[in-house]
J.: 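Got a structure here, written out as structure tokens. Questions coming.
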Amino acid sequence: KAKIAILISGRGSNMAALIYAAKAESCPYEVVLVASNAASARGLELAEAEDIATFSHPHKGLSREDHDEIMHQAVINSGAEYIVLAGYMRILSDAFVSKWQDRMLNIHPSLLPKYKGLDTYARAIEAGDKVAGCSVHLVTPELDDGPVLAQTEVAILPGDNADRLASRVLIAEHQLYPNTLAKYVTREADPDWILEQVRRRALALTETH
Ligand code: GAR
């Protein structure tokens with residue numbers, strides 16, 4: 001099974017969904033570490049109760065690069081091959097991102113490229129959108145900007161407010177993330193996926209030259 005480390009900053013409900021999905025025999029990944037920038041992150045307690053190794057180190061007083069390096073070492077020591085960001089509310093240094101290129105996923109509560117950053121639900125409602133949703137994407141140095149691997153649309157209901165919409169988007173997140181991660185870690189076996197990557201890289205090269 002592919003070894004994954006999950007990085008969290010708070011509640012950790014996506015982390016829980018990833019951990020529970022990994023209990024299925026057929027799941028192609030296992031969670032070897034949950035790491036946080038906050039010792040108080042509620043998700044750490046749940047991970048410990050599920051017998052998963054945990055690590056935390058505060059970012060206060062450290063440069064972004066130094067804190068990222070501490071997290072990187074913890075992930076390396078765990079033997080993880082992939083990093084899965086699940087409500088990790090830190091912007092990552094370019095050095096860290098490039099070390100995990102194509103091996104780090106994030107979930108974001110909007111239909112990217114719409115509504116990068118914060119307050120995605122209120123912004124979707126204010127814009128009069130009919131659908132909101134969530135996206136799983138690869139992490140690149142630009143915030144919430146990497147290639148989208150999968151999305152789920154969630155209808156916006158009349159009278160929705162940000163909280164109501166957020167709680168429905170979260171249900172979609174809990175299904176989308178484990179599913180997409182499972183597909184992603186088994187991609188080596190998928191010739192279509194490999195072709196797609198080759199195309200994507202060729203396109204990126206022509207765009208920058
Ligand atoms: C989730 O809704 C996730 O999409 C969002 O934070 C929440 C974390 O909840 N992430 C971002 O906004 C990243 N830009 P959780 O800790 O319960 O998984």
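Note that these values count all heavy atoms, side chains included, but never hydrogens, waters or copies made by symmetry. In this text the structure is predicted, and so the values were computed from the model without any measurement. Counting from 1, the numbers follow the sequence of the chain as shown. First listed ligand is number 1; within each ligand, the first listed atom is number 1.
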J.: When you measure from atom 16 (O) of ligand 1 to every protein heavy atom, which one gives the shortest distance, and what is it?
T.: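 That would be Gly12 N, 2.8 Å.
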
J.: Could you identify the single nearest non-hydrogen protein atom to atom 8 (C) of ligand 1 and state the distance to 0.1 Å?
T.: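 Going atom by atom, the protein heavy atom closest to atom 8 (C) of ligand 1 ends up being Gly87 CA, 3.7 Å.
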
J.: Can you list the ligand 1 atoms lying under 4.0 Å from a non-hydrogen atom of Pro109?
T.: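 In order of number, 4 (O), 5 (C), 10 (N), 11 (C), 12 (O).
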
J.: List every atom of ligand 1 that sits less than 4.0 Å from any heavy atom of Tyr121, numbering the atoms from 1 in the order shown and giving each element.
T.: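 That gives atoms 2 (O) of ligand 1.
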
J.: Does any non-hydrogen side-chain atom of Leu85 lie less than 4.5 Å from one of Leu92?
T.: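 When only atoms from C-beta onward are counted, Leu85 and Leu92 do touch, with a gap below 4.5 Å.
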
J.: Output the list of atoms in ligand 1 that are nearer than 4.0 Å to some heavy atom of Met89, sorted by atom number.
T.: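 Under 4.0 Å from Met89, ligand 1 has these atoms: 11 (C), 12 (O).
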
J.: Mind checking whether Lys1 and Tyr29 have side chains closer than 4.5 Å, heavy atoms only?
T.: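 Of all side-chain heavy-atom pairs linking Tyr29 with Lys1, none is under 4.5 Å.
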
J.: Taking only heavy atoms of Glu173 into account, list the atoms of ligand 1 that are under 4.0 Å away from them.
T.: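 Counting atoms of ligand 1 from 1, those under 4.0 Å from Glu173 are 1 (C), 2 (O), 3 (C), 4 (O).
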
J.: Any heavy atom of Lys116 sitting closer than 4.0 Å to ligand 1?
T.: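 So Lys116 does not count as touching ligand 1.
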
J.: Short list, please: which atoms of ligand 1 are under 4.0 Å from a heavy atom of Asn14?
T.: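 Taking each heavy atom of Asn14 in turn, ligand 1 has 1 (C), 15 (P), 17 (O), 18 (O) under 4.0 Å.
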
J.: Is there a donor-acceptor pair under 3.5 Å between the side chain of Thr120 and the backbone N or O of Ser110?
T.: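 The answer is no, because no donor-acceptor pair under 3.5 Å joins these two groups.
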
J.: Starting from atom 9 (O) of ligand 1, what is the nearest protein heavy atom, named by residue and atom, and what distance separates them?
T.: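 Going by distance alone, atom 9 (O) of ligand 1 is nearest to Arg11 NH2, 3.1 Å.
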
J.: What's the shortest distance from atom 15 (P) of ligand 1 to any protein heavy atom, and which residue and atom give it?
T.: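 Ranked first by proximity to atom 15 (P) of ligand 1 is Ser13 N, 3.4 Å.
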
J.: Among the clusters formed by ILVMFWY side chains lying less than 4.5 Å apart, do Tyr20 and Val31 turn up in the same one?
T.: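 Yes: a chain of side-chain contacts under 4.5 Å links Tyr20 to Val31.
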
J.: Ile107 heavy atoms, cut-off 4.0 Å: which ligand 1 atoms fall inside?
T.: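 Within the 4.0 Å cut-off of Ile107, ligand 1 contributes 4 (O), 10 (N), 13 (C).
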
J.: Over all heavy atoms of both residues, which pair between Arg164 and Gly159 is shortest? Give the atoms and the distance, please.
T.: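 Looks like NH1-O, 3.5 Å.
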
J.: Would you call Ile8 a ligand 1 contact, heavy-atom distance under 4.0 Å?
T.: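 No, Ile8 has no heavy atom closer than 4.0 Å to ligand 1.
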
J.: Output yes when a side-chain donor or acceptor of Ser78 lies under 3.5 Å from a complementary backbone atom of Leu33, and no otherwise.
T.: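 No: the side chain of Ser78 does not pair with the backbone of Leu33.
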
J.: Just to be sure I read this right, does ligand 1 sit under 4.0 Å from the backbone of Tyr177, its side chain, both, or neither, counting only heavy atoms?
T.: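 Under 4.0 Å from ligand 1, Tyr177 contributes no heavy atoms.
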
J.: At what distance is the nearest protein heavy atom to atom 14 (N) of ligand 1, and which residue and atom is it?
T.: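 Scanning the protein heavy atoms, the shortest distance from atom 14 (N) of ligand 1 goes to His108 ND1, 3.2 Å.
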
J.: Would you sort out whether Lys99 and Met104 count as a side-chain contact (heavy atoms from CB on, under 4.5 Å), showing the intermediate values?
T.: CA-CA 9 Å; Lys99 281 183 196 132; Met104 180 155 59; over 6 Å; no

J.: Answer yes or no on whether Arg187 is positioned over the face of Tyr184, meaning its NZ or CZ is under 6.0 Å from the six-membered ring centre and within 45° of the axis.
T.: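 Output yes; distance and angle both within limits.
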
J.: Answer yes or no: are there more than 12 heavy-atom neighbours, outside Glu45 itself, under 6.0 Å from its atom CD?
T.: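 No, CD of Glu45 has 12 or fewer neighbouring heavy atoms, counting only those of other groups under 6.0 Å.
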
